[in-house]
Amino acid sequence: MSAEAITPVFVRLKLSLLRNGLRQSGGRKAAYITSAVFALLFAALQLIGLIALRGHAHAESVVVLAVAVLGLGWAVMPLFFPSGDETLDPTRLVMLPLRPRPLMRALLTSSLVGIGPLFTLCLLVGSVIAVARGGAAFAVGAVAVVLALLVCVVLARAVAAANVRLLTSRKGRDLAVLSGLVIAIGAQIVNFGAQRIGASGLGELDPAAGVLQWVPPASAIGAVHAVGEGLYGVALAQLALSAGALVALLAMWSRHLTRLMTSPDGSTLPSAESAARERSSTGLGRLLPPGRTGTVMERSLRYVWRDPKTKTAWVTSLAIGLIVPVFNAWQGTGSVYFACFAAGMLGIQMYNQFGQDTSAFWMVAMTISSTHDAYVELRARAYALLLITLPYAALVTVLTTAMLGDWQRLPEALGLSFALLGAMLATGAWTSARFPYSIPQEGYKNVAPGQTGLAWISIFGGMMAAALLCAPVIALTIWLNVSADGDDWTWLLLPVGTAYGAALAAAGLKLAAPRTARRLPEILAAVSKG
């Protein structure tokens with residue numbers, strides 16, 4: 001079948017998928033329309049802003065960086081949102097008698113239908129208007145807009161085709177869940193960049209833009225500015241880079257598409273050797289204590305490594321716990337006490353311990369027949385958390401102290417971190433038994449419907465209680481810092497904070513154990529709700 005014959009069919013298919021998706025529920029329809037309105041409104045405001053930027057000394061740097069970030073967004077979109085567009089999965093068409101080249105043209109045309117391409121087009125048009133000077137520059141700009149748009153769309157298609165086997169497997173769903181981590185880290189980077197620009201002006205963007213103007217698709221917009229400056233050779237080279245990138249991406253897409261349409265799917269079938277290695281893997285078990293404690297610790301650590309939701313929570317906490325103190329220290333506005341943020345972020349992982357097991361908690365509940373069993377279960381989970389948290393909190397504290405050069409305050413910062421961690425272990429164990437809630441395994445929600453109040457009480461109530469429990473160590477820190485001779489004794493905060501945190505954790509586990517043993521049926525019902 002020719003491309004001319006199937007292209008209209010694919011465009012109608014894309015429109016039908018959008019229309020039928022909106023018919024599934026009123027909530028989905030409202031969410032889609034709201035997001036579309038906001039996206040189009042933002043695109044319009046962005047277009048106006050770029051046009052207003054015309055004539056500014058650093059306009060080229062702004063638009064080049066904007067287009068580079070836009071291209072990065074198109075590259076990662078299929079990885080983090082594989083279910084956002086059903087047409088990104090070409091394996092659904094393997095039973096149809098379609099040749100790769102006509103299929104590519106039809107898929108490319110249908111990819112240009114939607115809010116994303118329209119948003120991209122607005123940004124590219126605004127970028128050209130912002131930097132174009134003269135009729136020749138606008139003529140090149142028309143070519144650059146088409147070229148950059150095609151590079152973005154084909155890039156997304158090529159990435160999706162190269163990873164579609166992974167993205168449709170169980171392991172591949174980890175990437176989609178980890179999108180929250182990318183957003184969190186990206187927000188911190190944007191905040192840091194905005195502070196630097198606000199302090200030094202748009203000139204801070206020039207060095208990065210000087211490099212990115214040679215990276216497609218930003219190189220196409222760089223060519224428009226080069227033509228306006230009379231640098232025709234530079235403009236030709238930048239356009240050639242974008243055109244070459246488009247050709248290379250098309251070839252990569254064609255190769256992966258042909259392989260997908262002609263080869264069997266073996267990506268999710270482990271080899272016999274890997275399966276045997278997995279069954280016989282006991283390296284982790286050898287390093288852990290014997291008996292129930294080691295078994296529970298190994299189970300908890302395997303959840304961190306294998307379960308998408310648990311892994312996302314841990315990786316996000318690890319990343320943000322490092323970014324906040326380090327970025328503030330990098331800007332020279334931080335304090336060694338910001339390192340406590342790492343202990344606080346990781347301490348949150350102790351909350352809702354049984355909800356992380358979801359419906360599988362019934363197997364754990366069957367092994368708990370006494371307060372002692374409940375205590376050993378909670379203690380082992382706390383040990384597994386400490387195995388990661390203690391060295392990580394210490395590492396972040398030392399790194400923050402080194403960046404600030406304030407080594408004198410290292411003992412008190414470590415003591416505060418360990419005291420906070422112990423308090424969060426204590427309150428987390430108690431709230432896990434008192435306010436358990438279910439975590440849905442599918443989708444992006446972290447709380448089952450109807451249990452949002454429980455989650456707020458468990459997490460934020462527990463955090464407030466942990467802060468109150470740390471009040472004695474905080475008061476001692478303040479007193480030693482304001483006292484005339486206190487600087488000579490601040491080193492005591494490290495052993496005092498460590499001992500106090502350990503005592504709090506032990507007391508919290510002791511108090512939570514009998515409640516856990518008594519409330520097993522209620523806990524099981526709560527965590528199995530989703």
Does any part of the side chain of [Y], heavy atoms only, come nearer than 4.5 Å to the side chain of [X], both counted from C-beta?
X      : Y      : answer
Leu520 : Leu524 : no
Leu425 : Leu504 : no
Met464 : Leu468 : no

Least distance between heavy atoms, [X] atom then [Y] atom:
X      : Y      : answer
Cys470 : Ala419 : SG-O, 3.6 Å
Ala429 : Gly508 : CB-O, 4.3 Å
Ala423 : Leu469 : CB-CB, 4.2 Å
Leu301 : Ile388 : CD2-CD1, 4.1 Å
Trp253 : Ala161 : CD1-CB, 3.8 Å
Leu378 : Ala512 : CD1-CB, 3.8 Å

Who pairs with Ser369 by side chain to side chain donor-acceptor pair (under 3.5 Å), at least two apart in sequence or on another chain?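 Partners of Ser369 under the side chain to side chain donor-acceptor pair (under 3.5 Å) test: Asp373.
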Contacts of Thr295 meeting side chain to side chain donor-acceptor pair (under 3.5 Å) (sequence neighbours excluded), chain-then-number -> none
What class does the angle between the rings of Trp456 and Phe460 fall in, given that below 30° is parallel, 30 to 60° is tilted and above 60° is perpendicular? parallel
Pairwise salt bridge (Lys or Arg N to Asp or Glu O under 4.0 Å) hits with a residue in [range], at least two apart:
range            : answer
residues 456-465 : none
residues 410-434 : Arg409-Glu412
residues 509-520 : none
residues 374-383 : Arg292-Glu377, Arg299-Glu377, Asp357-Arg381, Glu377-Arg381

ring-ring contact (aromatic ring centres under 6.0 Å, His included) involving Phe354 - partner list, sequence neighbours excluded: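 With sequence neighbours excluded, Phe354 shows a ring-ring contact (aromatic ring centres under 6.0 Å, His included) to Phe361, given in chain and number order.
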Distance (rounded to the nearest 0.5 Å) between [X] [atom1] and [Y] [atom2]:
X      : Y      : atom1 : atom2 : result
Thr498 : Leu494 : OG1   : CG    : 4.5 Å
Leu70  : Leu65  : CG    : CG    : 12.5 Å
Leu493 : Tyr500 : CG    : OH    : 13.0 Å
Asn352 : Ile439 : CG    : CD1   : 5.0 Å
Met424 : Ile459 : CE    : CD1   : 9.5 Å
Leu385 : Trp314 : CG    : CH2   : 4.0 Å

So does [Y] get a backbone contact from the side chain of [X], meaning a donor-acceptor N/O pair under 3.5 Å?
X      : Y      : result
Gln356 : Gln349 : yes
Lys311 : Trp305 : yes
Thr516 : Ala374 : no
Asp406 : Ser335 : no

Val296 vs Val376, test: side chain to side chain contact (heavy atoms under 4.5 Å, CB included). Steps then yes/no. CA-CA 9 Å; Val296 175; Val376 174; 6.0 Å; no
Apply side chain to side chain contact (heavy atoms under 4.5 Å, CB included) to Val153 and list each qualifying residue two or more places apart in sequence or on a separate chain. Trp74, Leu108, Ser111, Leu112, Leu149
Side chain to side chain contact (heavy atoms under 4.5 Å, CB included) partners of Leu416, counting only residues at least two apart: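 Here the qualifying residues are Tyr337, Cys340, Val473, Ile474, Thr477.
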Of all pairs that satisfy side chain to side chain donor-acceptor pair (under 3.5 Å), the ones with a partner from residues 413-431, not counting sequence neighbours: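 Output for this query lists Tyr351-Thr427.
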Would you mind writing out the side-chain donor-acceptor pairs for residues 393-403 within the sub-3.5 Å range, not counting sequence neighbours?
from	atom 1	to	atom 2	distance (Å)
Thr397	OG1	Ala393	O	2.7
Thr400	OG1	Val396	O	2.8
Thr401	OG1	Thr397	O	2.7

Pair Met363-Met366, side chain to side chain contact (heavy atoms under 4.5 Å, CB included): steps then yes or no: CA-CA 5 Å; Met363 292 187 291; Met366 292 180 64; 5.6 Å; no
Could you give all pairs that pass the ring-ring contact (aromatic ring centres under 6.0 Å, His included) test and reach residues 379-419, with sequence neighbours left out?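 Every candidate ring-ring contact (aromatic ring centres under 6.0 Å, His included) pair involving residues 379-419 fails, so no pair, neighbours aside, qualifies.
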